[in-house]
Amino acid sequence: MDLVKIKAQAKKEISVINNSRDLERWRVKFLGRKSALSLFFANLKNLSLIERREQGAKANKLREFLEELYRDNKERIAQQEKEIESWDISRPGTKAPTSHLHPLTLTLREITQVFSRLGFAIVEGPEIESEYYNFDALRIPPSHPARDMWDTLWLKSVSKKGRLLLRTHTSPVQIRYMEKHQPPFRIIVPGRCFRHEATDVSHDIQFHQVEGLMVDEEVSLANFKDIIETAIRGLFSQKVKIRFRPSYFPFVSPGVEVDIKIRNKKSGAQEWMEIMGAGMVHPDLFETVGYNKNLWQGFAFGVGVERIAMIKYNIPDIRLFFSSDIRFLKQF
Ligand code: PHE
């Protein structure tokens, strides 16, 4: 081997060495008695005097180079090994921060899971809705005083189905779904809704509902009561008292509001909390979507998701959900 090759090889090999045992092997290989360099020195005696001088000088330079290389790396490795010895391998690692789901997402998932188990399919509809689906098809004409119940955020554009708006409830999806499907079916529709109103602890301009709709040949309010009782028991993992109060929504007949009895966590007193509007689907809706209104019956309901989350987690102010306050979010 010539000197240039020896040098290249030695440099290459030492560059990947990271412990003293390997370094010692390297030393033996490149500077030891049987090394290529020693052999080179031994062969010098066969050369002429001039050549011997020249090659001998070169070989000496290489030896000095290799010795220095060895010393430098010995120091480097000694340093490294000292550090490794001082590592405390029993010390606990640092935890990477993890995120988690928003309380509303958790609640929405729970609600949809409970209804899935009861055979309801999950359906979605658009947040930008037309006047027709949000109001007219649900028997809420422009002049109807019930439109006041849904103070509306209107958009500037107009569609074939009337002016556009941000949906004020998930009920328009009832019509959208029935236009495209034949009964029997049961669906739930989770989604975001918007209302143009002043905010307070129980009102925000955006919130979520889960709409429910079940249509079959024989569906009654009694079926609804049973389904809703089962769902609420699933959600609160206990038997919760519920009551129906007569109410009015133009798209159901009869219409009810559903309250659940819960213990106020502050005062300890039992109180009724309204959690949804509901009722039997108005036959006009069936006619609107082309069903035979004498053949089909159905119930519909709309649950306020924030309401459920507030009861479940004892949250005092609906506006906290969208406040992005990390102190609030960290509690879930
Ligand atoms: N859409 C009604 C609301 O937003 C709730 C509702 C849904 C009532 C379905 C009856 C039937 O208040």
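Just so you know, ligand 1 is whichever comes first in the structure, and atom 1 is the first atom listed for that ligand.
Qualifying ring-ring contact (aromatic ring centres under 6.0 Å, His included) partners for Phe322, counting only residues two or more places apart in sequence or in other chains: none. Annotation: side-chain hydrogen bond (donor to acceptor under 3.5 Å, both in side chains) contacts of Arg53 (sequence neighbours excluded): none. Residues satisfying the side-chain hydrogen bond (donor to acceptor under 3.5 Å, both in side chains) test with Glu24, not counting sequence neighbours, are Arg27.
Side chain to side chain, Asn223 and Asp226 fail the donor-acceptor criterion of an N or O pair below 3.5 Å.
Taken from CD1 in Ile318 to OG in Ser202, the straight-line distance is 7.0 Å, to the nearest 0.5 Å.
With hydrogens and angles disregarded, a donor-acceptor distance shorter than 3.5 Å links the side chain of Thr112 to the backbone of Leu108.
Taking a heavy-atom cut-off of under 4.0 Å, ligand 1 is surrounded by Trp150, His169, Ser171, Gln174, Arg195, Gln209, Glu211, Phe249, Phe251, Val252, Gly277, Ala278, Ala300, Phe301, Gly302.
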